[in-house]
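One structure below.
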Amino acid sequence: KIDLQQFAVENAEQLEAFRMRFISKKSVVGELFGLMKDVAPESRKEFGMIVNEVKQAADNRFKELIEQLENTKGQTGEMLIDLTLPPVPNELGTIHPLSLVRNRIIEIFERMGFNVSEGPEIEDDWHNFTALNFPENHPAREMQDTFFIEKNPDIALRTHTSSVQVRVMENEKPPIRTLSPGRVYRNEAISARAHCFFHQVEGLYIDENVSFADLKQTLYHFAKELFGPETKVRFRPSFFPFTEPSAEMDISCDIDNPKGCQLCGGSKNICKGTGWVEIGGAGMVDPNVLENSGIDSEKYTGFAFGMGIERITMLKFQIRDLRLFSENDVRFLRQFTSAN
Ligand code: PHE
C-alpha cells in the first residue's frame, strides 16, 4: 500500500510525473486494471472494488495537487507558461485618415454650435432631388451619374449629403445648425481623382436674418482652423439648384513657398499652378427648398455648404491617389495619427 499523501509537487513537471505514475493508462493503477482478467471469477468483484478505490484515491490526490500547484503559483509567481518565449505582439489599429479628418471637421463646427445629423444612404427621389429644387430633366438624375435601385417611385444611392438638409428641416424647427457627414455615391469611373463612392460633409444653418456674410465668416473660420491661420479663402460664383446665390469655395495653395506648397508639396497638379484649390460648394438655401421642407421662407433664411472629405484629406496629408482610402493597405493606414 502506498500513501499517496506523501507525494507533493512543486512544478508542472512533477505534476506530470505523478499523472504518469498513478493516473495514465500505463500507470500502476492502469496496470492493476489490466490484471483483472487474470483474477479468479469469484474474486473479481472484490478485486475490482479495491482497484477502483485506489483509482479514486489517485484521482483525488491528483486534483489536490493541481490545486496546490495553482495556489503556490499565485504565491511564488511561478507560472506554468514559459516566460522566456517571445510575446505575441498586441497590434493596435489606427483611425482611418478619412475618419480623422471628419472628426476634426466636426470638432471645429461643434465649437460654433453645430450638431451632427445623419440620413440614409439609400434615398428617395424627393430628398435627393425634388425637394432640393432639381428640375425634372436635370442631367444629374440620369443613369450616368446616379445609381438607381428602383424606378417609379425612384430610389437611389444618395449622390450628395444635401438630402440630409431636407430631412433635418422636415423634422426640426429653426434655429437649425447642423453638420451631416456621410458617404455618397456617383456612377463615375474609378481613378486617382474620382471614385464611385466618397464622403461629404454638409453644413446647414437656418435662422432669422442669416446672411451670405455669415456663410463666408463661418467658412473662413473653418479653413483657418483646419489648414492654419495663413490660409486664404475665396468664393467663386457658381450654380446649384438648391442654393441662390451659389458659390464654389477655394482655399489658398502655398504656391510661393520656396520649400514647396504645404498642401500639394510643390507638385503643381493639385492647384494646377493657380494657387487655389476647390474644397466645396455653398450658398444661401433657395426659398423653394425651405418651403418644400416645411420652413417659412418669409421668416427664415439660411446657408448650406457641402465639402468632399477625401479632397480635404488629400490636401491635409498630401495624398496623391484617392483609391488608397478604400484599399485597406495597412502600410498606408498606419501613417495617420492626428488631423490637428
Ligand atoms: N451638394 C453639392 C455637391 O454635392 C454641394 C453643396 C452643398 C452646394 C450645399 C451648395 C450647398 O456638389
Side-chain angles (χ1 to χ4, degrees), residues 98 102 105 109 114 116-121 123-135 138-142 144-147 156-169 176-188 193-207 210-220 222-223 233-251 277-290 292-293 295 297 300-313 322:
L98 292 177
R102 179 202 56 207
I105 295 172
F109 281 99
F114 283 72
V116 175
S117 52
E118 278 178 24
E121 290 178 24
E123 194 48 285
D124 52 37
D125 177 273
W126 171 256
H127 292 95
N128 197 78
F129 295 126
T130 304
L132 289 165
N133 213 25
F134 278 78
H138 193 282
R141 286 174 181 252
E142 273 166 30
Q144 76 264 22
D145 290 310
T146 307
F147 289 118
L157 297 177
R158 68 179 176 195
T159 58
H160 52 182
T161 44
S162 299
S163 55
V164 190
Q165 282 185 38
V166 180
R167 289 188 174 272
V168 172
M169 287 190 280
I176 294 169
R177 255 176 298 181
T178 195
L179 206 65
S180 320
R183 186 172 287 180
V184 300
Y185 302 83
R186 286 182 201 177
N187 194 354
E188 275 178 40
R193 319 183 107 250
H195 211 295
C196 58
F197 65 81
F198 56 99
H199 299 79
Q200 289 187 329
V201 54
E202 194 83 7
L204 178 70
Y205 179 22
I206 309 285
D207 202 349
V210 177
S211 71
F212 201 89
D214 296 318
L215 167 61
K216 285 178 86 174
Q217 195 53 46
T218 304
L219 292 175
Y220 274 139
F222 163 72
V233 177
R234 82 174 179 186
F235 292 86
R236 283 176 291 112
S238 185
F239 175 81
F240 299 101
F242 38 93
T243 47
E244 184 59 37
S246 304
E248 229 122 9
M249 178 192 176
D250 295 344
I251 61 165
V277 284
E278 185 190 321
I279 64 162
M284 300 306 292
V285 180
D286 192 298
N288 288 343
V289 176
L290 294 175
N292 286 340
S293 314
I295 304 262
S297 66
Y300 296 106
T301 54
F303 66 71
F305 58 85
M307 303 184 283
I309 300 182
E310 273 81 354
R311 193 77 208 274
I312 292 174
T313 308
L322 194 123

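Numbers for residues simply follow the sequence, beginning at 1. Order of listing sets the numbers, starting from 1, for every ligand and every atom in it.
Side-chain atoms of Ser238 and Glu248 include a donor-acceptor pair closer than 3.5 Å.
Below 4.0 Å from some heavy atom of His160 lie the following atoms of ligand 1, by number and element: 1 (N), 4 (O). For ligand 1, the atoms sitting less than 4.0 Å from at least one non-hydrogen atom of Ser162 are 1 (N), 7 (C), numbered in the order shown with element in parentheses. Of all atoms in ligand 1, numbered sequentially from 1 with element shown, those under 4.0 Å from a heavy atom of Gly281 are 6 (C), 8 (C), 10 (C). Atoms of ligand 1 lying under 4.0 Å from any heavy atom of Thr243, numbered from 1 in the order shown and given with element: 11 (C).
By heavy-atom distance, the residue among Ala304, Ser163, Gly306, Gly308 lying nearest atom 5 (C) of ligand 1 is Gly306.
Ligand 1 lies within reach of Phe242, whose nearest heavy atom is under 4.0 Å from it. Residue-ligand proximity: Met307 is placed with every non-hydrogen atom at 4.0 Å or more from ligand 1.
If you look at Ser246 next to ligand 1, there are no close heavy atoms at all, none under 4.0 Å. With a 4.0 Å cut-off on non-hydrogen atoms, Arg186 touches ligand 1 through its side chain and not its backbone.
Taking the ring centroids of Phe212 and Phe303, they lie at or beyond the 6.0 Å cut-off. Proximity of the aromatic rings of Phe109 and Phe305 is defined here by a centroid distance below 6.0 angstrom, and this criterion is met.
Ion pairing between Glu278 and Arg311 fails under the 4.0 Å rule for side-chain N and carboxylate O. For the pair Glu188 and Arg193, the salt-bridge criterion is not met [side-chain N within less than 4.0 Å of a carboxylate O].
The nearest heavy-atom contact from the protein to atom 9 (C) of ligand 1 is Glu202 OE2, 3.2 Å.
A side-chain donor-acceptor contact under 3.5 Å links Asn133 to the backbone of Pro241.
Relative orientation of the Phe197 and His195 rings is tilted, given thresholds of 30° and 60° on the angle between their planes.
Not a single N or O atom of Thr159, backbone or side chain, sits closer than 3.5 Å to an N or O atom of ligand 1.
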